[in-house]
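For the single chain, residues carry numbers from 1 onward in sequence order. Any value given below was found using the heavy atoms of this structure, including those in side chains, with hydrogens, waters and symmetry copies removed.
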Amino acid sequence: MSGQITDRYARQILDAARSLIGPEAYRDALRKAGLTRYEEALPPLSPEPGITFEEISAFCQAIRERFGPDGGWMLRRMGHEVLRRDLQAYGWVANLVRLVSGILQAPRERVYNAWQRAAAVVRMETGSSPQVWREGDRVYWENPSCPYCVGVSCAEPCCDLPAGVLEALTAWVLERPVEAIRVMEESCRGRGEPACRYRVEW
């Protein structure tokens, strides 16, 4: 399954990458992904579809290859940065939601509800279909139409960017350091499995 992510969502990802990996690596990743149209300017802040799943997958794969063993870590850092930028955009509304949920809910309930909200945003911005559920004390995220591993073949799960977003979101809602949160990708479409599935530990 393929599709497109919105220009505004692509802008967050590309801007986070540009700030973290440096101009040379950024330009190289754009070229390898067929995204040279963004070498001079980021995508507009528009809800219109812009970058294809194949392009954003190739962009992430180029970063993974460029940084070798640290590629997955770099993509997770990009995910952390994407979430930080999202929270800046929503400002006081996001902080109010966290305050109220912190008063009313146990930590695991807060994480579950935050992941559900995030899934709704991802559905809107990518047209993909993530689902969130609980099994006992564990919270899971699964996306059978993940935008980040289309056309990619990997021996180990390789969708580190969304894992990083989920880590940062969990850390934010629990008011803990992101280093205290670990999101594990248990299955990956890039490995030939039917969906990308994550669980969280803290």
Side-chain angles (χ1 to χ4, degrees), residues 1 3 5 9 12-13 16 53 56-57 60 64 69 71-87 90 93-150 152-202:
M1 181 182 295
I5 65 177
Y9 200 64
Q12 296 279 67
I13 294 169
F53 287 6
I56 201 63
S57 295
C60 291
R64 179 178 289 279
W73 173 78
M74 182 61 72
L75 288 166
R76 283 185 185 246
R77 282 190 62 205
M78 282 172 51
H80 301 166
E81 184 65 17
V82 166
L83 193 276
R84 188 184 69 79
R85 290 161 189 259
D86 285 343
L87 292 175
Y90 290 107
V93 175
N95 285 316
L96 180 61
V97 169
R98 180 172 66 175
L99 175 64
V100 172
S101 68
I103 293 170
L104 299 178
Q105 297 170 346
R108 200 155 302 276
E109 190 71 17
R110 277 186 271 163
V111 172
Y112 174 67
N113 287 334
W115 280 30
Q116 283 188 313
R117 290 190 189 100
V121 171
V122 169
R123 286 191 287 270
M124 179 178 65
E125 298 289 355
T126 71
S128 65
S129 52
Q131 301 296 321
V132 176
W133 76 93
R134 290 173 292 192
E135 288 182 13
D137 288 338
R138 291 184 172 177
V139 181
Y140 290 89
W141 171 293
E142 184 173 276
N143 194 345
S145 49
C146 174
Y148 302 101
C149 56
V150 174
V152 172
S153 178
C154 50
E156 298 296 328
C158 58
C159 296
D160 286 289
L161 190 149
V165 173
L166 292 172
E167 282 178 346
L169 176 61
T170 303
W172 175 77
V173 79
L174 294 178
E175 300 185 71
R176 299 186 184 185
V178 72
E179 295 79 14
I181 310 300
R182 184 65 178 166
V183 169
M184 282 72 64
E185 188 178 7
E186 296 185 332
S187 68
C188 183
R189 294 173 69 226
R191 200 167 62 173
E193 290 159 321
C196 296
R197 186 176 67 248
Y198 308 86
R199 65 180 173 86
V200 63
E201 290 182 356
W202 64 85

Verify side-chain contact (heavy atoms from CB on, under 4.5 Å) between L161 and R76, making sure each step is shown before the conclusion. CA-CA 5 Å; L161 190 149; R76 283 185 185 246; over 6 Å; no
Please evaluate residues I13 and M78 with respect to the criterion side-chain contact (heavy atoms from CB on, under 4.5 Å), reporting the C-alpha separation (whole Å), side-chain torsions for both, the decisive distance (0.1 Å), and the verdict. CA-CA 7 Å; I13 294 169; M78 282 172 51; 4.2 Å; yes
Just do the side-chain contact (heavy atoms from CB on, under 4.5 Å) check on Y140 and V200 with the steps written out, would you? CA-CA 7 Å; Y140 290 89; V200 63; over 6 Å; no
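Side-chain atoms of S129 do not come within 3.5 Å of backbone N or O of N143 as any donor-acceptor pair. Not one N or O on the side chain of E81 forms a donor-acceptor pair closer than 3.5 Å with the backbone of A16. A donor-acceptor contact shorter than 3.5 Å links the side chain of E185 to the backbone of C159.
Using bins of under 30°, 30° to 60° and over 60° for the plane-to-plane angle, the ring pair W141/W115 lands in the perpendicular bin.
Taken from SG in C149 to CD1 in I56, the straight-line distance is 12.5 Å, to the nearest 0.5 Å.
Between V111 and W202, some side-chain heavy-atom pair lies under the 4.5 Å cut-off. Contact check for R117 versus N113: side-chain heavy atoms found under the 4.5 Å cut-off.
The salt bridge (Lys or Arg N to Asp or Glu O under 4.0 Å) check on R108 picks up nothing, with sequence neighbours excluded.
Nearest heavy-atom pair, C196 versus R189, reported as atom, atom and distance to 0.1 Å: SG-N, 3.4 Å. For the residue pair Q131 and R123, the shortest heavy atom distance occurs at NE2-NH1, 4.1 Å. Y112 and V139 make their closest contact through CA-CG1, 4.2 Å (heavy atoms, listed as atom of the first residue, atom of the second, distance). Annotation for S187 and A195: closest pair OG-O, 2.8 Å, computed over non-hydrogen atoms.
Counting only residues at least two apart or on different chains, the salt bridge (charged side-chain N to carboxylate O under 4.0 Å, His left out) pairs with a member in residues 132-141 are E109-R134.
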Let me check something: any side-chain donor-acceptor pairs from residues 175-184 under 3.5 Å, sequence neighbours excluded? List them with distances.
none

